[in-house]
Amino acid sequence: MPTDNETMRRIHAVIRAIPRGDVAGYGEVARRAGMPGRARLVARVLSLSEDRTLPWFRVLRSDGRIAFPPAHPLFDEQSQRLRGEGVDVVAGRVGHVHRAISLDEALWGPRA
DNA sequence: AATTTGACCCGTC
DNA sequence: AGACGGGCCAAAT
């Protein structure tokens, strides 16, 4: 499945749906968009997106770390934006975030 | 045409 | 906590 407009639209929609002060993993976004296992595609769509209103900073790695290396300029911007909406970010890592539990968490418990 | 490169993820050890 | 292997896949070399 190529990165056609429909695929991109669905991924954008899921990211736009992440509430303020909340975060989601790339793989989580992929699942919610009906494309399980396609985390890399989400990352790619994000990297190519021109939509400046998209809350890209709410998307993190599954382990809660910011995807960029600390040296990358977007690393600091993402940290700032998240802190700006109340998310605790320490050393590029989000701590315990106030958010509704996902289906995964309901079934398997919080990611340690 | 083959290989490498990413804003990745997961089970297993 | 980290490493390793496999899955993922469009773009760029």
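Just so it is clear: chains get the letters A, B, ... in the order the sequence lines come, proteins before strands, and each one is counted from 1. Predicted model only: the values in this text are computed from it and were never measured.
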Restricting both atoms to N or O, compile the protein contacts to nucleotides 11-13 of chain B shorter than 3.5 Å, with distance only.
none

Please tabulate, one pair per line, each protein N/O and nucleotide N/O from nucleotides 5-8 of chain C that are separated by under 3.5 Å, including the distance.
none

Quiz prompt | Test log, rule side chain to side chain donor-acceptor pair (under 3.5 Å), inputs Asp76(A) and Ser79(A) | solution = CA-CA 5 Å; Asp76(A) 286 323; Ser79(A) 302; 5.0 Å; no

Quiz item: How far apart are the C-alpha atoms of Leu82(A) and Leu60(A), what are their side-chain angles, what is the distance that settles it, and do they pass the side chain to side chain contact (heavy atoms under 4.5 Å, CB included) test?
Solution: CA-CA 11 Å; Leu82(A) 286 174; Leu60(A) 305 169; 4.1 Å; yes

Exercise. Under the salt bridge (Lys or Arg N to Asp or Glu O under 4.0 Å) rule, what do Arg65(A) and Asp63(A) come out as? Steps first, then yes or no, please.
Key: CA-CA 6 Å; Arg65(A) 287 185 306 140; Asp63(A) 60 5; 2.9 Å; yes

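Note: CZ (Arg65(A)) to P (dC9(B)) measures 10 Å, nearest angstrom. In this structure, Leu46(A) atom CG and dA10(C) atom P are separated by 17 Å, rounded to whole Å. The CG-C1' distance, from Leu54(A) to dA7(B), rounds to 13 Å in whole Å. Regarding Trp56(A), its CH2 atom lies at a distance of 17 Å from the C1' atom of dC8(B), rounded to whole Å. Computed from coordinates, the Asp4(A) CG to dA10(C) C1' distance equals 12 Å when rounded to whole Å. Whole-Å rounding puts the Tyr26(A) OH to dC10(B) P distance at 14 Å. Between the CD1 atom of Ile18(A) and the P atom of dA7(B) there is a distance of 18 Å, given to the nearest Å. dA7(B) atom C1' lies 13 Å from atom CD1 of Ile11(A), rounded to whole Å.
Nucleotides dG5(C) and dT4(B) have their P atoms positioned 16 Å apart, rounded to a whole Å. Annotation: dA7(B) and dG6(C) have their P atoms spaced 24 Å apart (nearest Å).
Between Val87(A) and Gly21(A) the shortest heavy-atom distance is CG2-O, 3.6 Å. Here the shortest heavy-atom pairing between Tyr26(A) and Ala67(A) reads OH-CB, 3.3 Å. Across all non-hydrogen atoms, the minimal contact from Ala39(A) to Ala30(A) is N-CB, 4.0 Å.
Residues Val59(A) and Val23(A) form no side-chain contact, since every pair of their non-hydrogen atoms from C-beta on lies 4.5 Å or further apart.
Listed by first then second residue, pairs satisfying ring pair (Phe, Tyr, Trp, His ring centres under 6.0 Å) with a partner in residues 36-72 of chain A read Phe68(A)-His72(A), not counting sequence neighbours.
For the pair Arg93(A) and Leu48(A), nearest-nucleotide mapping onto DNA chain C gives the more 5' position to Arg93(A).
Ser47(A) has no side-chain polar atom (N or O) that falls below the 4.0 Å cut-off from OP1 or OP2 of dG6(B).
Ser49(A) is linked by a side chain to side chain contact (heavy atoms under 4.5 Å, CB included) to His12(A), Asp51(A), Leu54(A), counting only residues two or more places apart in sequence or in another chain. Scanning for salt bridge (Lys or Arg N to Asp or Glu O under 4.0 Å) contacts around Glu85(A) gives Arg20(A), Arg58(A), with sequence neighbours left out.
Considering only side-chain atoms of Arg44(A), the nucleotide from dA10(C), dA7(B), dC10(B) that sits closest is dA10(C).
Across residues 66-82 of chain A, Ala67(A), Phe68(A) each have a non-hydrogen atom less than 4.0 Å from an atom of DNA chain B (numbered order).
Listed for the Glu77(A) side chain is no donor-acceptor partner under 3.5 Å among the backbone atoms of Leu74(A).
Within 6.0 Å of CZ in Arg83(A) there are more than 12 heavy atoms belonging to other residues, nucleotides or ligands.
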